[in-house]
2 protein chains.
Amino acid sequence: MASIKDVAAAAGVSVATVSRVLNAHPSVSADARARVLAAVETLGYRPNAVARSLRTDQTHTLGLVISDVMNPYFTELARSVEEEARALGYSVIIGNADERPDLQDHHVRNLLDRRIDGLLVSPTDGGSPLMLDAVRAGTPMVFVDRWIPGVDVPVVRADGQAAVRDLVAHLHGLGHRRVAIIAGPAATTTGSERVEAFRAALADYGIPLPDAYTGQGDFQAESGRRVMEGFLDLPEPPEAVFAADNLMALGALDAIRARGLRVPRDIALAAFDDIPWFVHTDPPVTAIAQPTGELGRAAVRALVDRIEGRTPKSVTLPARLVVRRSCGEPAPPFPSPTQSPSPVQRSTS
Amino acid sequence: MASIKDVAAAAGVSVATVSRVLNAHPSVSADARARVLAAVETLGYRPNAVARSLRTDQTHTLGLVISDVMNPYFTELARSVEEEARALGYSVIIGNADERPDLQDHHVRNLLDRRIDGLLVSPTDGGSPLMLDAVRAGTPMVFVDRWIPGVDVPVVRADGQAAVRDLVAHLHGLGHRRVAIIAGPAATTTGSERVEAFRAALADYGIPLPDAYTGQGDFQAESGRRVMEGFLDLPEPPEAVFAADNLMALGALDAIRARGLRVPRDIALAAFDDIPWFVHTDPPVTAIAQPTGELGRAAVRALVDRIEGRTPKSVTLPARLVVRRSCGEPAPPFPSPTQSPSPVQRSTS
DNA sequence: CTGAAAGCGCTTACAG
DNA sequence: CTGAAAGCGCTTACAG
């Protein structure tokens, strides 16, 4: 592979001059520039990004460590992150923690070793020593979706409280009183916040959330299945179940179907995180939708601000309830031409 | 951030010795090793992978350029690729082409500039000059899922011919005679092969595949919606539609639902690529399943073989039909305890 | 077993 | 406008 030396030789100039034209430095004669460009062309020269990074101490690369790529929510987040980063001149390297703190550390370490310019993370746990060290060392960092309390890092996330209240109002309006939740890991903010928001909203209606109705999942499908089976084995199973993410809702659906039960006739189901398939499931699933693309873009902007010396602030965007039929309400007879802009949005599916 | 010099100074040895202990070189005294390790520990030193790569001309990184991350098939592929690569000591950087040749080139160029050790690609088109140049220049490369004919690069993919034949037998057995396909881009191998396999299998039953029943999609949901709308507008719409990937099937479902039509009563639907949600859609969708994880792992092994000087061969694994209810057959009354190992597998959903 | 030195491919003050 | 030179952080023959 041709190096800058080859280009310099071919163009009859020094490597310094080649470097200048490559970096659009103004003080290069038109003649030299033309010869360099011609040499670059005929040699098919491409600058070695590794060497450039070593020299400039910049990689123009962002690290994104997410909890689980297989979760459509995070896939979409990753996609929007890459798009915004590309628009701002950065590449992104994704590390998939698969909800495992050890894997998360593996990726953080790998990314740090590669000297990425900044790190976007959706922590799988309460913060490993490695992650905390990275913050302390001054690594530009931004948390997305999940965050670590007590750590001074900007957070870009959705606030689901209002949407959860809307969901509880919806469930209550449909007559559900025995209500359960499949929660995420308590060590994650989204794991604990969603339970707390749900519990608080239920309390407003005088509905308790007993331990038996609080299942501990890990945000992955298998745990949703397991917890739902536990609920169904109860002497008095819940009438409605709220899965704290879409994967656990999938697992819950598997468990319900395996028993030959029907949603919402035998049990109501709602999920945090909306996905395109929820429109087509049997029945369409009522879900809380996050402004995922917005979150990804805002997170990148915050991180790039930080990298480039500005001081980003945390961003919180509202989530919203999308009512479909999985909690018992009949669908509207005809699709309405427009969707309601109110917090409780009725889906046209 | 501490460099190898700082470690050397703290340990009272030369940087050469530090490098040796870091790379497990045998000829280092126990004493020197201990001092270096202690210095590494107290300084929190981590080797700079950028510098190491520049020096060794190896990045221990694989590039993966896929057509569309939002497609669950590719998400799973990416996941298995990363897992196998990690097991073999490599990292992977994913580039999402989003079915756009220009974006694909952007990522290939970016990856090449970063001097990745090898490239895994699922081409979005018939091969850009850039990609062809990379092959010619000797970049270790392996194609996954899709490939470029006439280019001497190992291919790891699934063969769907038998499964497509099984699907056509299934459709024919259910009485469908007017059968249509939503195809992928003709410039991709999977785009053209799936149509050809479908056409050939239909021919065995004397069923034609007229142009009006051959819709041109791009493997993304919106195109599935558009093509399906076209089919439904036909004076004589098809009785059954085969979507060449799961995203176009999603779009097709959207279009069907928007018209107030029902699957399979009004129109039958089948898809290439199986996903977990197909079990829960209304109705469960009959699909052709690829051994996705296997493909990803085999592709990585082939690429690493190539990188490390061995000579990999192409790998072709069979896809299989998973019959559910979207083509009209009633589901079995009870889930069967085991699944049939025959090519035509009956799903228990 | 150990260290001095060269060199990977760049960028960038510095001097002219 | 241009080039020689230093240096980014490593690794690795080479000599001892």
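Only heavy atoms go into these numbers, but all of them, side chains included; no hydrogens, no water, no symmetry mates. Letters A, B, ... mirror the listed sequences (proteins, then strands); counts begin at 1.
- One finds a salt bridge joining B:Arg79 and A:Asp98 here, because a Lys/Arg side-chain nitrogen approaches an Asp/Glu carboxylate oxygen to under 4.0 Å.
- Both distances falling under 3.5 Å, in either a Watson-Crick or a G-U wobble arrangement, occur for no nucleotide opposite D:dA4.
- Donor-acceptor pairing under 3.5 Å, judged by distance alone, is absent between the side chain of B:Arg55 and the base of C:dG9.
- At most 12 non-hydrogen atoms from other residues, nucleotides or ligands lie less than 6.0 angstrom from CG of B:Asp57.
- Taking every heavy atom of residues 5-18 of chain B and every atom of DNA chain C, pairs under 4.0 Å involve B:Val13, B:Ser14, B:Ala16, B:Thr17, by number.
- At whole-Å resolution of the value, CE in A:Met1 and P in C:dC8 are 16 Å apart.
- For the atom pair CG of B:Leu111 and CD1 of B:Ile116, the computed distance is 5.0 Å after rounding to the nearest 0.5 Å.
- At the phosphate of C:dT2, OP1 or OP2 sits under 4.0 Å from a side-chain N or O atom of B:Ser29.
- Contact between the side-chain N/O atoms of A:Ser3 and the OP1/OP2 oxygens of C:dC8 is not found at any separation under 4.0 Å.
- Residues A:Arg46 and B:Asp113 are paired through a salt bridge, judged by an N-O separation under 4.0 Å between the basic side chain and the carboxylate.
- In this structure, A:His25 places its NE2 atom 13 Å from P of D:dG3, rounding to the nearest Å.
- Spacing between atom CG of B:Leu54 and atom P of D:dT11 amounts to 11 Å, rounded to whole angstrom units.
- For the pair A:Asp57 CG and D:dC10 C1', the interatomic distance rounds to 14 Å; values are reported in whole Å.
- Scanning atom types as modelled, one donor and one acceptor separated by under 3.5 angstrom connect the side chain of A:Arg20 and the base of D:dG3.
- With both ends at atom C1', the span from D:dT12 to D:dG16 equals 16 Å, rounded to whole Å.
- In this structure, A:Leu22 places its CG atom 6 Å from P of C:dT11, rounding to the nearest Å.
- Under the 3.5 Å distance criterion, with hydrogens and angles disregarded, no donor-acceptor pair is assigned to the side chains of A:Asp68 and A:Tyr73.
- Salt bridge A:Arg297/A:Glu294: present, at least one basic N to carboxylate O contact under 4.0 Å.
- One atom, CZ of A:Arg52, and another, C1' of D:dC10, lie 20 Å apart when rounded to the nearest Å.
- Between the C1' atom of C:dT11 and the CD1 atom of A:Ile4 lies a distance of 8 Å, rounded to the nearest Å.
- Taking atom CD of B:Gln58 as the reference point, atom P of D:dG9 lies 21 Å away to the nearest angstrom.
- Here the nucleotide nearest the side chain of B:Ser27, chosen from C:dC1, C:dT11, D:dG9, is C:dC1.
- When the nearest nucleotides of DNA chain C are assigned to B:Ala51 and B:Ala30 by heavy-atom distance, the more 5′-ward of the two goes with B:Ala30.
- Summarising the geometry, atom OG1 belonging to A:Thr124 is positioned 5.5 Å from atom CZ belonging to A:Arg146; distances are rounded to the nearest 0.5 Å.
- Nucleic acid contact for B:Asn23: sugar-phosphate only, since backbone atoms but no base atoms lie under 4.0 Å from a heavy atom of the residue.
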